Amino acid sequence: MNNELFIGIDLGGTDIKGGLVDNAGKIVFETKIPTEAKKGPEHIFDRMSQLIQTLRDGAEAIVAGIGMGVPGQVDVDAGVLVEAPNLPGVDRFPVMDFLRERIDIPVILDNDANVAALGEHAFGAGQGVQHMLMITLGTGVGGGLILNGQVFRGAMGGAGEFGHMVVEADGELCGCGRQGCVEAYVGTAGLLRAVEQRLSNGEASSLAGISSEKRRPKDLGDAAEAGDTVAREVFSTAGHLLGIAMGNVANLLNLERIVIGGGVAAAGERILGPARVGFAETALKVSLKSLEIVPAQLGNAAGLVGAARLAMPVL
Ligand SMILES: [Zn+2]
């Protein structure tokens, strides 16, 4: 099995993670370096090329391919990072060409949400299905679509933006500048805003004891666990809207599975329970019948494993 390995790179706003992954999706070695995003793309990708070289030198097998997930929009064929909100100055940076001058194996890159979907599909909770959506709940709400067993990227690589499906006309403001997106309710900022609104309406909650700047989704989870009504209702409302959006996607695409991962998914059934209700209210019979909603299995490893999967031959 291990006569060849693949390098997976997970480029984030804070860290660049790199790993050696075997063709069964097992990480045999991993490491990370700080991204130092402020120093610009040449700095980032130059250090990344050194990281790749170090991984390759340390591998006890041939490195057969390199894949990378990046936090932004990608032109996959050209290997260009079109834009990434957390990496200033990277717009239209030719990642593949830049790395080709430094490393003699081509590096394939894709959006991190697509990469996570690929990882879960090949080695995690999405195994065995042809049509699935991976939703990542965190600061943002990411989506990666697998249709007919392959990542569906759309005309310009912009497909799968589940977080920006509008579930409330004239609703809350989203980070994308529009109103009523799923992310405006289920993203970290949206959850915290809902708490703030309820507190300023005079609702009683243990969360009032934490200043608004210091409040984190984990506090919300802890409060909900302890029975706090405000925390529970915030998750419930957000989960319900999440489920409505999932029902709409299922009606359009007749998916087999929706896999839910990311930090906020740690709230588990507090958010997934109401999501299942919203889904059941929205999905047509055929969608209800064919689709299951399951938690992700790979956790933080999805980024590295999925990136490595990008570079593996299609099985
Ligand atoms: Zn939006």
Side-chain angles (χ1 to χ4, degrees), residues 11-13 37 69-75 81-88 90-92 110-117 132-146 151-198 212 215-217 220 234-253 255 258-265 267 271-272 274-275 278-279 281-283 293 296 303:
L11 171 60
V70 297
Q73 194 195 332
V74 177
D75 179 337
L81 181 45
V82 179
E83 61 172 358
N86 297 325
L87 303 174
V90 300
D91 293 10
R92 300 222 56 86
D110 202 344
N111 168 269
D112 52 9
N114 287 345
V115 161
M132 67 166 252
L133 170 69
M134 162 96 195
I135 300 172
T136 309
L137 302 178
T139 309
V141 175
L145 260 181
I146 304 277
V151 175
F152 181 79
R153 300 185 175 94
M156 290 180 73
E161 287 291 354
F162 175 82
H164 302 286
M165 290 187 65
V166 173
V167 283
E168 199 90 78
D170 305 321
E172 297 289 353
L173 190 65
C174 180
C176 72
R178 300 178 313 136
Q179 282 176 276
C181 299
V182 174
E183 185 170 302
Y185 298 92
V186 188
T188 301
L191 291 168
L192 295 174
R193 169 172 52 201
V195 170
E196 198 56 37
Q197 283 167 348
R198 283 170 181 266
S212 57
R215 223 174 275 138
R216 297 286 174 268
L220 215 61
V234 165
F235 277 131
S236 173
T237 306
H240 187 247
L241 291 170
L242 175 68
I244 289 172
M246 294 194 303
N248 280 312
V249 175
N251 289 345
L252 185 68
L253 298 171
L255 301 172
I258 294 181
V259 177
I260 301 190
V264 172
I271 201 157
L272 294 189
F279 176 76
E281 288 167 3
T282 314
I293 299 165

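Remember, it's 1-based here, ligands and their atoms both numbered in the order they're listed. The model shown is predicted, which means the values in this text are computed figures rather than measured ones. Only heavy atoms go into these numbers, but all of them, side chains included; no hydrogens, no water, no symmetry mates.
When Thr237, Val167, Leu137 are each tested for a side chain to side chain contact (heavy atoms under 4.5 Å, CB included) with Leu242, only one passes: Leu137.
Of all protein atoms, those that are N, O or S and lie under 2.8 Å from the Zn ion (ligand 1) total 4.
Note that the CG atom of Leu241 and the CD atom of Glu168 stand 6.0 Å from one another [nearest 0.5 Å]. Here the CD1 atom belonging to Ile146 is positioned 9.5 Å from the CG atom belonging to Leu133, to the nearest 0.5 angstrom.
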Side-chain polar contacts of residues 153-163 - donor-acceptor pairs under 3.5 angstrom, sequence neighbours left out - could you list them?
| from | atom 1 | to | atom 2 | distance (Å) |
| --- | --- | --- | --- | --- |
| Arg153 | NE | Asp110 | OD2 | 2.8 |
| Arg153 | NH2 | Asp110 | OD2 | 2.6 |

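Checked by atom type and distance alone, the side chain of Glu83 never pairs as donor or acceptor with a backbone atom of Asp91 at under 3.5 Å. Remark: the backbone N or O of Glu172 is paired with a side-chain donor or acceptor of Tyr185 at under 3.5 angstrom.
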